[in-house]
Amino acid sequence: LKKIDLLPIHSYSIISCFAGVVFILSAIKLSQVICDESSGHFPFLILILSGFMQLFFGYVESYSIFYLLLFLFYMSSLHALKNSLSIYVPLTFFILACAFHQTAVFTFPSIIFLIWIGLKNSTDKRKTVLKYGLFSFTFGLFIVAAIYLMGFKFADYAHMLEDRGVSNNS
């Protein structure tokens, strides 16, 4: 967005708002999938009235994209469990969410569960494990390479944690 003379803070605010639009459209779609006539759109209202919605109003950090990716992971996992979507889609959202924030790793047990369900429905279990494992490894390696090529230095991150008093070494 530098070509149109926007400051980085403004461009990230636009990305955050765009993530909010995608989140709301996805939440509408999810409420149509999981709701029946009697419940109406109550789950949708819960989602859009939650406190984290403030992240989609121009919040200038990576949390807005992280929450969107995590929500898309949950939504695509639901579709994968219903066999209406490939398991690769939630795997992709999971790996991207991990790239935006390390706390996404705590959802790893759900990936194990998805792969287990995929194995249960598979005829050739060894081939399925190899496919999912190879895909996850390759995509994860791509994310690590992209982070390295963007110039991220773990030592700088460790020093930042020490300056904030997070590390035991300080």
Practice task
State, yes or no, whether a side-chain contact exists between Cys98 and Phe94 at a heavy-atom distance under 4.5 Å.
Solution key: yes
Practice task
To the nearest 0.5 Å, tell me how far Phe100 CZ sits from Ser64 OG.
Solution key: 8.5 Å
For residues 67-79, please give each side-chain donor-acceptor pair under 3.5 Å, one per line with the distance, not counting sequence neighbours.
unit_1, atom_1, unit_2, atom_2, d
Ser76, OG, Leu72, O, 2.8
Ser76, OG, Phe73, O, 3.1
Ser77, OG, Phe73, O, 2.7
His79, ND1, Ser84, OG, 3.4

Handout entry: Connected via hydrophobic side-chain network under 4.5 Å: Val21 and Ile24
Key = no
Practice task
Can you sort out the partners of Ser86 under side chain to side chain contact (heavy atoms under 4.5 Å, CB included), two or more places apart, ordered by chain and number?
Solution key: Tyr88
Exercise for the section: Determine whether Ile28 and Leu30 fall in the same hydrophobic cluster, where Ile, Leu, Val, Met, Phe, Trp and Tyr are linked whenever their side-chain heavy atoms lie under 4.5 Å apart. Expected result: yes
